[in-house]
*Asks:* 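One structure, as C-alpha cells, below. Some questions next.
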Amino acid sequence: MCAARISLVNQGFLRFSRVYLELQRQLAVHLRSVLKAKYSLDIENIPVEIPPELKFGELATPVALQLARSLRKAPKMIAQEIVEALQSDLAALTGFAGFEVAGAGYINARLDRAAFARTTAAAELPKLAHPFFKLANPPHSLVEHTSINPNKAAHIGHLRNAILGDTFVRMLRAAGSQVDVQNYIDNTGVQVADVVVGFLYVEGKSLAEVRALLDDLKARGERVDYYCWDLYARTSQWYEQGSEAENAERKKLRYATLHAIEEGGNETAEVAELISTAVLRRHLETMLRLGIEYDFLPRESEILHLKFWEVAFEELKQKGVLYFETEGKNKGCWVMRRPGAEIADGELDEDAKAIVRSNGTVTYVGKDIAYHLWKFGLLPGRDFGYEKFFAYPDHECWISAMQGEADHPHFGGASAIYNVIDSRQSDPQANVIQALRGMGYTAQADHYTHFSYEMVALTPRCAVELGYTVAEEDLSRPYIEVSGRKGFGVKADDLIDKLIAATSEEVEKRQTSRDATERETIARQIAIGALRYFMLKFTRNSVIAFDFKDALSFEGETGPYCQYAAVRIRNIFRKGGTTPENVLAEFAELARQRADAHSELAGQQGSGIAGFLAGEENEDIWALWLRAGRRSLVLDQAITVSEPAYLAKHAFQLAQEFNNFYHKHHILTEEDAERKTFLLATAAVALHELVTVLGWLGIETPEAM
RNA sequence: GCGCCCGUAGCUCAGCUGGAUAGAGCGACUGACUACGAAUCAGUAGGCCGGGAGUUCGAAUCUCUCCGGGCGCACCA
C-alpha cells in the first residue's frame with residue numbers, strides 16, 4: 001500500500017549520505033544478473049521498493065509477480081528460485097543479511113543492520129564540518145518566485161508562493177545546483193496604474209505630496225504597502241461608484257495613466273516609480289522575516305525600454321512561429337498557434353493566440369517570450385543594466401536598470417528554469433513554452449518548469465472573523481478566493497505578527513531563565529517554523545483553505561513539533577555533558593572494533609551493535625536509523641517532481657519516530673556503556689538529519705523551547 | 001463548448017512511474033509528568049478511497065463514462 005518505488009532517474013547529482021540509494025542500486029544490479037543467468041531475461045528497470053512495514057524487510061521487489069506470466073510459472077516458485085540464487089551468493093552483496101519469499105511472491109531483503117548504522121554514522125561525521133556539498137560543474141538553474149505586483153501589501157497567497165519557491169531553491173542548492181533567485185517585478189502594469197490613479201485623482205495628490213507622504217510614513221514607522229492596500233481597494237471601487245458618464249471618464253484616466261507609466265519620462269511615471277519601489281522594498285523586508293532572499297529583480301520597465309521584444313519578434317517571424325492574420329477576429333494581428341492545435345495549412349485558426357495587436361503593440365505573452373529567451377541566454381545583444389538594490393548579510397540583491405553599474409554579476413543564461421506561479425496562469429506559461437519549442441529551442445523548452453500550485457483561500461468562518469461581509473451563497477462554500485483588488489485577504493505581516501505574539505506568550509511562560517533577546521529569537525524561530533511548515537505540508541495542487549486555528553496550531557503535524565524533537569535532542573547532549581560530534585566519533589570507533597570482532601563471531605546474533613538493533617523491542621530504533629538513511633532519496637524525489645511537501649512529510653516522520661524512541665528508551669540513565677553510546681549516536685544522527693532537512697525547509701532549530 | 005485541477009475517516013490532508021492489513025494530524029473518548037521539559041507519548045472509536053464500467057495475477061493509483069466542486073480559455077494586463 002505505502003510501498004515506495006525508488007526512482008532511478010535522478011541520482012547522479014547526489015553524492016552524500018546515500019546509504020539507502022547505494023544498497024538499492026546494488027540489489028537492482030544483482031537481481032538483473034540473476035535474471036539473466038537463470039532465465040536469459042534482460043530487464044532494465046527492476047522495481048525495488050521500500051516495503052510498507054519493517055516486518056517485510058528493508059527493501060523488496062515484486063519482480064517475480066511480474067514474470068509469472070511470461071515464464072508460465074507460479075510467482076512463488078520464481079521468487080523461491082531467485083532467493084536461492086541471491087542467498088548462495090550473499091558474500092557478493094555487502095550490506096545485506098538475507099532474502100526471503102513473502103506473500104504472493106514478493107522477494108524481501110534484510111539489511112545488515114550493524115553495517116548500515118556504521119556507514120550512516122560515518123557519513124554524518126564529515127557533514128558536520130562541511131554541511132554544504134559543492135559539485136565541480138554544477139548545473140545552473142534559475143528560480144523565479146514571489147513576483148508580487150508592487151502596488152499593495154503581500155498577502156497569504158504570496159506567502160505560499162515565496163515559501164514554496166525559497167524552499168525549492170534550498171533543495172536545489174542542497175543537491176549541488178548553482179541557483180539564481182529572481183523576483184520579477186511588474187512595475188508598469190494596471191495594478192500599479194490603479195494605485196497611482198488613487199494617489200493622483202482619488203486623493204488628488206501631486207508628485208511632491210506623494211513624496212512627502214512616503215517620507216512621513218517612513219518617519220512614523222508605518223507600512224507603505226498597508227497604505228496602498230487600502231488605497232488600491234478604494235480606487236477599484238471608485239471606478240464603479242460614480243454615474244455612468246463619470247465612470248467612463250475614470251476608466252479613461254486609468255488607461256491614460258497606464259500608458260504614461262509604460263512610456264516613462266513624465267510625472268505620472270515618476271509617481272509610479274516612487275510608489276512601486278517603496279512597496280517593493282517592503283516586500284523584501286517582509287520576505288526577509290521568513291529568511292527569503294533574492295539575487296536579482298528584473299523589472300518590466302527595463303524589459304520594455306531595453307526593447308527585448310524587438311529582437312525576439314524578428315526571430316519569431318523569421319522562424320515562422322508567428323504569422324500575420326489577414327482574416328477573422330484576429331485580423332491585423334501577429335498570432336501564434338496554441339499548443340496542441342490541429343489546423344490544416346491555409347485554414348483559418350480563430351483560436352490562435354494574438355501576440356502583436358492590430359495596433360502594433362505587443363501583448364503580455366509576447367513580452368514574456370522575450371524575457372524567457374533572455375533567461376536561457378537566447379537574446380543576442382540584449383541584457384539588463386544592473387544596480388545594487390538591497391543588502392543582505394552575505395550578499396547583494398540587484399535590480400534591473402537602464403545603464404546600471406559597471407561592475408556587476410551576470411544573470412540569465414540558465415540551463416534550467418523554474419517559474420513559481422499559481423496554476424491559474426498555466427495557459428500563458430504553456431504559450432511561452434510553445435513559442436520556445438516552435439523556435440527550435442527544444443532542450444530549453446524541456447527544462448522550463450512551470451512550478452504551479454493552487455491558491456490560498458479563506459474559509460468563510462475566517463472571513464467573517466476578520467470582519468468582511470460575506471455573501472449568503474458564499475457562506476456554504478468550502479473557501480473564498482482572496483482578492484487584492486477588493487482588499488479581501490490576510491496580509492502577510494499581520495499573520496507573522498500574530499504568530500510571533502502567540503509564540504512569545506508561550507516562550508515567556510516556559511523560558512523564564514533566559515534573557516529577553518534570547519526569548520525573542522526563540523519565539524521568532526518557532527513562529528516562522530510554524531508558518532513555513534504550514535505552507536509546505538500541503539502538496540502543490542491542493543487549495544489551502546486558510547484558517548487561523550490551523551495556522552496558529554503548534555501541536556501535531558506542525559513546524560514546532562519537528563523543532564521540538566530537535567530541541568529535545570540538544571537538551572540530552574547538554575545534560576549529558578557531551579556533543580553529537582564526540583558521540584559519533586566514539587560510536588564510529590566502537591563500530592569499527594565490533595566489525596573486526598564480527599568476522600570471528602560470524603553468525604552470532606544479538607551481540608554488540610547488531611544486538612542493539614535487533615528484536616521487537618529495538619524496532620523503533622532501527623526505524624529511526626533507516627529513516628535517516630533515506631534523506632537523500634527523499635530529496636531526489638522531491639526535486640524530480642518539484643514537490644517540497646515530500647520533505648516536510650519526511651521531517652515530520654523523523655521527528656515522530658524520534659519522539660517515539662525518546663519515550664521508550666531513557667538514554668542518560670542507561671547503565672551499559674556501549675548501549676549508552678549507541679543510544680546517544682542514534683540521537684546524534686536524528687538531530688543532524690532533522691537540522692539538515694528543516695534547514696532545507698528554511699526552518700531554524702531553536703536552542704530551547 | 002474546450003482545457004487543467006480536485007473528490008480518501010466528523011474536519012484538514014498524505015498515500016511518490018499499480019503491489020502486501022488504506023495512513024497521518026486535528027477533533028472525540030481512555031490513560032501517562034518526583035527520570036533527557038507533556039509544544040510530548042500510548043490506546044479506543046471512526047473509511048463502498050464520489051458512482052459505474054474496463055485493463056490487470058493485482059486498482060485509491062491506469063483508461064472510459066457519469067455526478068459534484070474549483071480554476072482557466074481576450075487584440076485586458
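Lettering of chains follows the sequences in order, A, B, ..., and the numbering in each one begins at 1. Scope of the values below: all heavy atoms of this structure, side chains included, with no hydrogens, waters or symmetry mates. Note that this is a predicted model, so its numbers are computed, not measured.
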*Asks:* Do any side-chain nitrogens or oxygens of Y561(A) fall under 4.0 Å of OP1 or OP2 in C41(B)?
*Replies:* yes
*Asks:* For L668(A) and G37(B), give me the distance from atom CG to atom C1', rounded to whole Å.
*Replies:* 13 Å
*Asks:* Measure CD1/I355(A) against C1'/A74(B) and give the value in whole Å, please.
*Replies:* 12 Å
*Asks:* Return the nearest nucleotide to the side chain of Y662(A); candidates are A74(B), G70(B), G37(B).
*Replies:* G37(B)
*Asks:* Check the phosphate of C6(B) against N541(A), side-chain N and O only, distance under 4.0 Å to OP1 or OP2. Yes or no?
*Replies:* yes
*Asks:* When you compare the side chains of E58(A) and Y20(A), does any donor N or O come within less than 3.5 Å of an acceptor on the partner?
*Replies:* no
*Asks:* Any Lys/Arg nitrogen of D422(A) or R424(A) sitting under 4.0 Å from an Asp/Glu carboxylate oxygen of the other?
*Replies:* yes
*Asks:* Side chain of F652(A): nearest nucleotide among A24(B), G37(B), G70(B)?
*Replies:* A24(B)
*Asks:* Look at the side chain of F554(A) and decide which nucleotide, out of C36(B), A39(B), C76(B), has an atom nearest to it.
*Replies:* A39(B)
*Asks:* Let me know the distance between CE of M336(A) and P of A74(B), rounded to the nearest Å.
*Replies:* 13 Å
*Asks:* Among C75(B), C5(B), G37(B), which nucleotide sits nearest the side chain of E454(A)?
*Replies:* C5(B)
*Asks:* Rounded to whole Å, how long is the line connecting atom CG of N359(A) with atom C1' of A77(B)?
*Replies:* 14 Å
*Asks:* Report yes if the ring of H663(A) lies under 5.5 Å from the six-membered base ring of A42(B) with planes under 30°, and no otherwise.
*Replies:* no
*Asks:* For the pair N149(A) (side chain) and N151(A) (backbone), establish whether a donor and an acceptor sit closer than 3.5 Å, ignoring hydrogens and angles.
*Replies:* no
*Asks:* To the nearest 0.5 angstrom, please state how far the CZ atom of F99(A) sits from the CD1 atom of I82(A).
*Replies:* 11.5 Å
*Asks:* Going by atom types alone, do D194(A) and Y232(A) pair a side-chain donor with an acceptor below 3.5 Å?
*Replies:* no
*Asks:* Within the 3.5 Å criterion, strictly below it, is a donor on S301(A) or N187(A) matched to an acceptor on the partner's side chain?
*Replies:* yes
*Asks:* Rounded to whole Å, how long is the line connecting atom CD1 of I544(A) with atom P of U12(B)?
*Replies:* 14 Å
*Asks:* Using a 4.0 Å heavy-atom cut-off across all strands, classify E670(A) as base, sugar-phosphate, or nothing.
*Replies:* nothing
*Asks:* State which of C75(B), C5(B), A39(B) makes the closest approach to the side chain of E506(A).
*Replies:* A39(B)
*Asks:* I want to confirm an ordering. Mapping A60(A) and V362(A) to their closest nucleotides on RNA chain B, which one lands closer to the 5' end?
*Replies:* A60(A)
*Asks:* So for S423(A) and C4(B), does any side-chain atom that can act as donor or acceptor lie under 3.5 Å from a complementary atom in the base?
*Replies:* no
*Asks:* Between E100(A) and R110(A), does any side-chain N to carboxylate O distance fall below 4.0 Å?
*Replies:* yes
*Asks:* R510(A) side chain N/O closer than 4.0 Å to the phosphate oxygens (OP1, OP2) of A38(B)?
*Replies:* no
*Asks:* Nearest to the E481(A) side chain among A42(B), A38(B), C71(B), which nucleotide is it?
*Replies:* C71(B)
*Asks:* Using a heavy-atom cut-off of 4.0 Å across all strands, would you classify N149(A) as base, sugar-phosphate, or nothing?
*Replies:* nothing
*Asks:* Nearest to the side chain of N659(A), which nucleotide is it out of U40(B), C76(B), A24(B)?
*Replies:* U40(B)
*Asks:* If you round to the nearest 0.5 Å, how far is CG of L552(A) from OG1 of T503(A)?
*Replies:* 9.5 Å
*Asks:* Using whole Å, report how far CD of Q191(A) lies from P of C76(B).
*Replies:* 16 Å
*Asks:* From the set G15(B), A35(B), A39(B), return the single nucleotide nearest to any side-chain atom of H666(A).
*Replies:* A35(B)
*Asks:* Send over the distance from D351(A) CG to C2(B) P, rounded to a whole Å.
*Replies:* 13 Å
*Asks:* Picking from A24(B), A77(B), C26(B), which would you name as closest to the side chain of E557(A)?
*Replies:* A24(B)
*Asks:* Side chain of P560(A): nearest nucleotide among G25(B), A39(B), U12(B)?
*Replies:* A39(B)
*Asks:* Taking N or O atoms only and anything under 3.5 Å, show me the protein contacts with nucleotides 55-59 of chain B, one pair per line.
*Replies:*
residue	atom	partner	partner atom	Å
C57(B)	OP1	R69(A)	NE	3.0
C57(B)	OP1	R69(A)	NH2	2.7

*Asks:* Provide, to the nearest angstrom, the distance between the CZ atom belonging to R338(A) and the C1' atom belonging to C73(B).
*Replies:* 7 Å
*Asks:* Any side-chain N or O of R357(A) under 4.0 Å from OP1/OP2 of A77(B)?
*Replies:* yes
*Asks:* May I ask you to verify if any side-chain N or O of K575(A) is less than 4.0 angstrom from the OP1 or OP2 atom of G37(B)?
*Replies:* yes
*Asks:* When you compare G69(B) with G51(B), how far apart are their C1' atoms, in angstrom units rounded to a whole number?
*Replies:* 16 Å
*Asks:* Would one find a side-chain N or O of Y479(A) under 4.0 angstrom from OP1 or OP2 of G69(B)?
*Replies:* no
*Asks:* Please state whether the rings of W334(A) and F313(A) are parallel, tilted or perpendicular, taking 30° and 60° as the class boundaries.
*Replies:* perpendicular
*Asks:* Looking for any heavy atom pair under 4.0 Å, which part of the strands does V190(A) touch: base, sugar-phosphate only, or nothing?
*Replies:* sugar-phosphate
